[in-house]
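Report on one structure; see the data block that follows.
Chain letters run A, B, ... following the sequence lines, proteins first and then strands; every chain starts at 1.
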Number of protein chains: 2
Amino acid sequence: MAERRDKASADHPFAYEGLDRVIHERARLSLLTSLVAHPQGLTFAALKQLCDLTDGNLFRHLQTLESEGIVSAAKTPGTGRPQTLVRLTAAGRRRYFDYLAVLETVIVDAARNTQLARRKPPRASSRG
Amino acid sequence: MAERRDKASADHPFAYEGLDRVIHERARLSLLTSLVAHPQGLTFAALKQLCDLTDGNLFRHLQTLESEGIVSAAKTPGTGRPQTLVRLTAAGRRRYFDYLAVLETVIVDAARNTQLARRKPPRASSRG
DNA sequence: CCGCGATACTTTGTATCGCAAAGTTCGAGC
DNA sequence: GCTCGAACTTTGCGATACAAAGTATCGCGG
């Protein structure tokens, strides 16, 4: 049941449509992996350092992620210098893990098919 | 020069600079995964079907991959309709697996860090 | 108090690149 | 011979990643 999208997968076994473009981008993948490791949130500067991004680059990607509801940016309301604290939302975390699952599929596919390939190409996907 | 990269990795643990932009693109990742599974090569039409790509799109990505020496495209020399047979080169296969290794690192990192995160966020602010 | 530099964030411009629609060539069928 | 269709190829548009430059605030020294 509920194999509607699997139908497409069956027709196009290597399409990997589940690879969200929003998350798949290297910089954003880095950011999200960082944030997963720090559920209490990370500052702008910390993210910049961890992911080796320039200011503008980081800002742009954070904007994208925030507009998608994947991260939330809260500015410290105190009188001191307002530092943005970036956190991963629940939906964002779920979406991230969903993406990771697809990545694992890619890796498993590659590994399994490589096994077959190394043994010998018996029949090259005759039917599916 | 190459050691500098490791140094950078140490400073920026989540940068994942090893994620080759050429391979990381979804369509090309699909193509390479397909080709890994079919060392005898695949035709233009087969790749189009497997990866669910349009003609122009497929052509463009094959161009990119070929110019990088990742795949080789050989046209059937027979008198019949010349069909391009695309194969993964040895260098391409190596590069692909190198990329996959980095992907695995991402997944492992995420999984490990998630373990810590799932235990519980002990204190909201890391440093006071 | 006022300038000076540093830090945190934002804006803007460019160059790249993914994507698909249209074009071209070749073979098969009528 | 002409048409239809499949296999490629070309072209143009739109999105976006990237970084350089700009703005605002804080802390320090005069």
Side-chain angles (χ1 to χ4, degrees), chain A residues 8 12 14-34 41-68 70-87, chain B residues 8 12 14-32 34 41-68 70-87 125-127:
Chain A
H12 314 290
F14 294 100
Y16 298 122
E17 303 190 22
L19 289 183
D20 273 321
R21 196 131 180 69
V22 176
I23 299 182
H24 191 60
E25 170 63 27
R26 192 176 79 179
R28 289 192 290 263
L29 183 58
S30 298
L31 287 172
L32 293 181
T33 306
S34 300
L42 288 169
T43 64
F44 190 94
L47 285 171
K48 195 174 82 165
Q49 169 69 13
L50 286 172
C51 301
D52 194 21
L53 295 170
T54 61
D55 293 21
N57 206 346
L58 172 57
F59 179 77
R60 210 80 172 72
H61 288 301
L62 284 181
Q63 249 186 352
T64 301
L65 291 173
E66 198 175 2
S67 75
E68 291 278 337
I70 293 175
V71 306
S72 66
K75 301 193 184 265
T76 358
T79 56
R81 179 88 65 93
Q83 283 201 152
T84 304
L85 189 70
V86 181
R87 296 187 55 174
Chain B
H12 315 292
F14 293 101
Y16 299 122
E17 302 190 24
L19 290 183
D20 272 323
R21 197 130 178 70
V22 175
I23 298 182
H24 190 61
E25 171 62 29
R26 191 176 80 179
R28 289 193 290 262
L29 183 57
S30 299
L31 288 172
L32 293 181
S34 301
L42 288 168
T43 64
F44 191 93
L47 283 171
K48 195 175 82 165
Q49 169 70 12
L50 287 172
C51 300
D52 194 22
L53 295 170
T54 60
D55 293 20
N57 204 348
L58 172 56
F59 179 79
R60 207 83 171 72
H61 288 302
L62 284 181
Q63 252 186 350
T64 300
L65 290 173
E66 198 175 2
S67 76
E68 291 277 337
I70 293 175
V71 307
S72 66
K75 301 193 182 261
T76 357
T79 57
R81 179 89 65 89
Q83 282 201 154
T84 304
L85 188 70
V86 181
R87 296 187 55 176
S125 63
S126 54
R127 66 188 297 271

Can you name the salt bridge (Lys or Arg N to Asp or Glu O under 4.0 Å) partners of Glu68(A), sequence neighbours left out?
-> Arg95(A)
Can you tell me if the side-chain N/O atoms of Lys75(B) get under 4.0 Å from OP1 or OP2 in dT9(D)?
-> yes
Using a strict 4.0 Å threshold on nitrogen-to-oxygen distance, state whether Glu25(A) and Arg26(B) make a salt bridge.
-> no
Nucleotides 11-22 of chain C: protein proximity per nucleotide (B base, S sugar-phosphate only, - neither; heavy atom, under 4.0 Å) | B------SBBB-
Within this structure, what is the CG-to-C1' distance between Leu58(A) and dC9(C), rounded to whole angstrom?
-> 10 Å
Please report the closest heavy-atom contact between Leu42(B) and Ala46(B), naming both atoms and the distance.
-> CD2-CB, 4.2 Å
Member of Thr54(A), Asp55(A), Asn57(A) meeting the side-chain hydrogen bond (donor to acceptor under 3.5 Å, both in side chains) criterion with Lys48(A) | Asp55(A)
Length of the line joining Leu62(A):CG and dT10(C):C1', which is rounded to integer Å = 12 Å
Given atom CD of Gln49(A) and atom C1' of dC9(C), what is their separation to the nearest angstrom?
-> 17 Å
Taking side chain as C-beta onward, heavy atoms only, is Ser34(A) less than 4.5 Å from Leu47(A)?
-> yes
Once you round it to whole Å, what is the distance between C1' of dC26(D) and CZ of Phe44(A)?
-> 17 Å
For atom CG of Leu47(B) and atom P of dA7(D), their distance in whole Å | 12 Å
With sequence neighbours left out, the residues meeting side-chain contact (heavy atoms from CB on, under 4.5 Å) with Ala45(A) are Thr43(A)
